Each structure stands twice: as C-alpha cells, then as structure tokens.
Asker: 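Here it is, the structure in full.
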Amino acid sequence: MVHKDSNGAVIETGDTVVLTKDLNVKGSSFTAKRGTDVRRVSLVYDNPEQIEGKVEGQQIVILTKFVKKV
C-alpha cells in the first residue's frame, strides 16, 4: 500500500508532515491547528488513507488528505 499526501507525494514512516486544515481531535478537548508539524509519522498498514503521529503530546490518527509532506 502507498500512502500519499494531499498533493500526491508519497509519505513514508518517519517523515514530517504539516496539517492543511484545523482538525478536531476526537476524545480530547483540543483542536490540531493548521500549519502544525507532525514529526516521525507512522503508517497505518491496513488503510492507505491514514497515518499516526503526535500532536501536542497525544498520539492521533490523521487522514492523509489533510496533510502535506515537508
């Protein structure tokens, strides 16, 4: 499976991505703001539309259509 960002660039484990939209984090009271760097992402191997990364100390799942590779 190939994970691609909103621009079509291939995302690999350990890459840094930037959020392109404010995202409400389910199960938490904070919003991940647009422009936030997410470092050292890991891939969800059974779903090419999802990646995992830490934002403000919390591990979250992010849809690849809302990120772009740095």
Side-chain angles (χ1 to χ4, degrees):
M1 291 190 177
V2 178
H3 292 71
K4 295 186 178 183
D5 70 359
S6 60
N7 295 329
V10 176
I11 301 172
E12 297 178 1
T13 300
D15 284 346
T16 299
V17 296
V18 175
L19 299 179
T20 59
K21 178 181 176 182
D22 288 353
L23 301 175
N24 292 324
V25 179
K26 290 184 180 180
S28 180
S29 61
F30 82 93
T31 300
K33 299 291 184 185
R34 177 179 168 202
T36 301
D37 287 340
V38 182
R39 301 178 199 280
R40 296 180 298 172
V41 298
S42 59
L43 307 178
V44 176
Y45 287 101
D46 59 345
N47 190 341
E49 296 179 359
Q50 295 179 344
I51 58 173
E52 294 181 352
K54 277 192 174 183
V55 176
E56 295 187 23
Q58 290 190 346
Q59 187 78 14
I60 63 172
V61 175
I62 307 165
L63 296 178
T64 56
K65 64 183 177 181
F66 298 130
V67 299
K68 69 177 180 177
K69 189 173 176 179
V70 176

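Note that the structure is predicted; figures quoted are calculated from it, not measured.
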Asker: Would you say V25 and Q58 make side-chain contact, with heavy atoms under 4.5 Å?
Answerer: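 A side-chain contact exists here, since the closest heavy-atom pair is under 4.5 Å.
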Asker: Look up atom CG in L19 and atom CG in L63, then write down how far apart they are to the nearest 0.5 Å.
Answerer: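 Rounded to the nearest 0.5 Å, the CG-CG separation comes to 11.0 Å.
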Asker: Say whether V38 and V44 are linked into one hydrophobic cluster, either directly or through other cluster members, by side-chain heavy-atom distances under 4.5 angstrom.
Answerer: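 Different clusters.
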Asker: Is there side-chain contact between Q50 and V61, with heavy atoms separated by less than 4.5 Å?
Answerer: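 Yes. Closest side-chain heavy atoms under 4.5 Å.
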Asker: Atom CG of D46 and atom CE of M1: how far apart are they, to the nearest 0.5 Å?
Answerer: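 Separation between the atoms: 6.5 Å.
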Asker: For a side chain to side chain contact (heavy atoms under 4.5 Å, CB included) check, start with the C-alpha distance between K69 and N7, then their side-chain angles and the critical distance, and finish with the verdict.
Answerer: CA-CA 8 Å; K69 189 173 176 179; N7 295 329; over 6 Å; no
Asker: Hey, does D5 have a side-chain heavy atom less than 4.5 Å from the side chain of T64?
Answerer: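 When only atoms from C-beta onward are counted, D5 and T64 do not touch, as no gap falls below 4.5 Å.
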Asker: Under the side chain to side chain contact (heavy atoms under 4.5 Å, CB included) rule, what do R39 and T16 come out as? Steps first, then yes or no, please.
Answerer: CA-CA 4 Å; R39 301 178 199 280; T16 299; 4.1 Å; yes
Asker: Are V18 and I60 joined in one hydrophobic group, where the rule is that I, L, V, M, F, W and Y side chains link up if heavy atoms are under 4.5 Å apart?
Answerer: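 No, V18 and I60 fall in different hydrophobic clusters.
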Asker: Looking at every non-hydrogen atom in both residues, tell me the closest pair between T13 and S42 and how far apart they are.
Answerer: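 Looking at all heavy atoms of both residues, the closest pair is CG2-CA, 4.4 Å.
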Asker: Go through I62 and L23 one step at a time and tell me if the side chain to side chain contact (heavy atoms under 4.5 Å, CB included) criterion holds.
Answerer: CA-CA 9 Å; I62 307 165; L23 301 175; 4.0 Å; yes
Asker: Hey, which of V67, N47, V41, I51 is the one that makes side-chain contact (heavy atoms from CB on, under 4.5 Å) with H3?
Answerer: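 Looking at V67, N47, V41, I51, the match for H3 under the side-chain contact (heavy atoms from CB on, under 4.5 Å) is I51.
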Asker: Rounded at 0.5 Å granularity, tell me how far NZ in K21 sits from CZ in R34.
Answerer: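 It is 11.5 Å, given to the nearest 0.5 Å.
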Asker: Enter the distance from D22:CG to K33:NZ here, rounded to the nearest 0.5 Å.
Answerer: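 Rounded to the nearest 0.5 Å, the CG-NZ separation comes out at 5.0 Å.
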Asker: How long is the span from the OG atom in S28 to the NZ atom in K26, to the nearest 0.5 Å?
Answerer: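 These two atoms lie 13.0 Å from each other.
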Asker: So, taking the atom named CG in D37 and the one named NZ in K54, what distance separates them when rounded to the nearest 0.5 Å?
Answerer: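 Interatomic distance, D37 CG to K54 NZ, rounded to 0.5 Å: 16.0 Å.
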Asker: Does the side chain to side chain contact (heavy atoms under 4.5 Å, CB included) test come out yes or no for K65 and E49, once each step is laid out?
Answerer: CA-CA 7 Å; K65 64 183 177 181; E49 296 179 359; over 6 Å; no
Asker: Within a strict 4.5 Å, meaning less than it, do heavy atoms of the F30 and V55 side chains meet?
Answerer: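 Contact flag for F30/V55 side chains = yes.
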Asker: Between N24 and T31, is any side-chain donor less than 3.5 angstrom from a side-chain acceptor?
Answerer: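 Yes, T31 and N24 have a side-chain donor paired with an acceptor closer than 3.5 Å.
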